[in-house]
Number of protein chains: 2
Amino acid sequence: MEPETLQLQGRLSDRGSWTATRCSIDAALGVVGTRSALLLMREAFYGTRRFDDFAHRVGITEAVAAARLKELVDAGLLSRAPYREPGQRTRYEYVLTEMGRDLAPAALALMQWGDSWLTGEAGPPLALTHAGCGAPVAVEVRCAEGHEVPLGETAVDVRRRVRPA
Amino acid sequence: MEPETLQLQGRLSDRGSWTATRCSIDAALGVVGTRSALLLMREAFYGTRRFDDFAHRVGITEAVAAARLKELVDAGLLSRAPYREPGQRTRYEYVLTEMGRDLAPAALALMQWGDSWLTGEAGPPLALTHAGCGAPVAVEVRCAEGHEVPLGETAVDVRRRVRPA
DNA sequence: CTTCTGACTATGGCCAACCAAAGTCACCCG
DNA sequence: CGGGTGACTTTGGTTGGCCATAGTCAGAAG
């Protein structure tokens, strides 16, 4: 009985001859591969927008918050937008872009994994539900036909280059 | 028009009074929060089992591979099992545990995000399909009723402590 | 025109993660 | 019993992410 892993196909099946020179996981880690970056994104998902709130709620210094927020804005996950409260001067707030919002499944998957395996007796700290119907929310791996796909039934192949240049 | 964020409920709705002291994302990062740890897990999903293969395919030094693999075994994501090829002495291989396998959605979500936003013109390097039906595979956020749940329709609340001790 | 506040920047130091290169160790083979 | 090999360990050094403390800066408020 083999353990469950991805099924490598095509060029990949000779695994020895292949190393992942272009890997999207690695690329993603280049952008959100630090604790502070991902926790800042978590705060953004919670609706945080202002500099001081980011720094204090994540529990990092303002220096780190400034550096990391700048990186996230440069990378396109957040945008820096002017705003002003009445009788206050113009300030800037950090708002999720589509790119940033699209990271949510990854963050939630990580949270779900932590909930399942790392919380011990206390259980998950937070519960997610669908605001529409009240049912609990989960991250799932599915195919376009709607089947839930376990790791062992997932086939991987190198993609043909879309534009051969 | 508000931007899409999570809907905070219960104690959380007064966001100012709350900081995520117990956060499963943070906890998860404590285990797989480094580049090498997550890439080693990627290799394990690809079916890699042997020390040298891990080190070479991830592109890290043997020293780092040894340290990180030890951590992953200690944390319970991999298990170190003896094996022997005929006419060879006994060696050890690193095999995914259920805990490790369960991390796959998070890794795939990260890969999917990288595919969508970071690959530029070349497009995603790899394609995932369901081995059963051939349909493309994706990571999705869904509720138990089967609805796909966007960020803005996701409600978050603090869970009642399962065991009040 | 001074004070206060929110949003940063600057300085200095620590530690964890990484790399490169070399060494160890337990076999199995000839 | 000398070599080869896979699986590590050791050493030494660099970088990057983090912290704490202190400083800057723009613009209402008084």
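Rounded to an integer number of Å, the gap from CG of L40(B) to P of dC8(D) is 13 Å. For the pair D26(A) CG and dA17(C) P, the interatomic distance rounds to 17 Å; values are reported in whole Å. The distance from atom CG of D52(B) to atom P of dC8(D) is 9 Å, rounded to the nearest whole Å. Protein atom CZ of R35(B) is 13 Å distant from nucleotide atom P of dG17(D), rounded to whole Å. Rounded to whole Å, atom P of dC28(C) lies 12 Å from atom OH of Y83(B). Residue L29(A) contributes atom CG, which lies 16 Å from atom P of dG16(D) at whole-angstrom precision. Protein atom CD of E62(B) is 16 Å distant from nucleotide atom P of dT24(C), rounded to whole Å. Remark: C1' of dC18(C) and CZ of R68(B) are 9 Å apart, rounded to the nearest angstrom.
The phosphate of dT9(C) (OP1 or OP2) has a side-chain N or O of K70(A) nearer than 4.0 angstrom. Between R50(B) and the phosphate of dA7(D), there is a side-chain N or O to OP1/OP2 separation shorter than 4.0 Å. Contact annotation: S36(B) side-chain N/O to dC18(C) OP1/OP2 distance is under 4.0 Å. In this model, the phosphate group of dC8(C) is approached by a side-chain N or O of R80(A) to a distance below 4.0 Å at OP1 or OP2.
Between R91(B) and I60(A), the residue whose closest nucleotide on DNA chain D is further toward the 5' end is R91(B). For the pair T90(A) and E71(A), nearest-nucleotide mapping onto DNA chain D gives the more 5' position to E71(A).
Between E43(A) and R15(B), at least one side-chain N (NZ, or NE/NH1/NH2) sits under 4.0 Å from a carboxylate O, which counts as a salt bridge.
A donor-acceptor contact shorter than 3.5 Å is absent between the side chain of T90(A) and the backbone of P82(A). Within the 3.5 Å criterion, the main-chain N or O of G152(B) finds a donor-acceptor partner in the side chain of Q7(B).
Nucleic acid contact class of Y94(A) (heavy atoms, under 4.0 Å, all strands): sugar-phosphate only. Note on G33(B): nothing from the nucleic acid sits closer than 4.0 angstrom, heavy atoms only.
Both tests pass for R80(B) against the ring of Y92(B): distance under 6.0 Å to the centre and angle within 45° of the axis.
Side-chain atoms of R68(A) and S36(A) include a donor-acceptor pair closer than 3.5 Å.
Taking the side chain of A63(A) as heavy atoms from C-beta on, and the options dA17(C), dA10(C), dC8(D), the nearest nucleotide is dA10(C).
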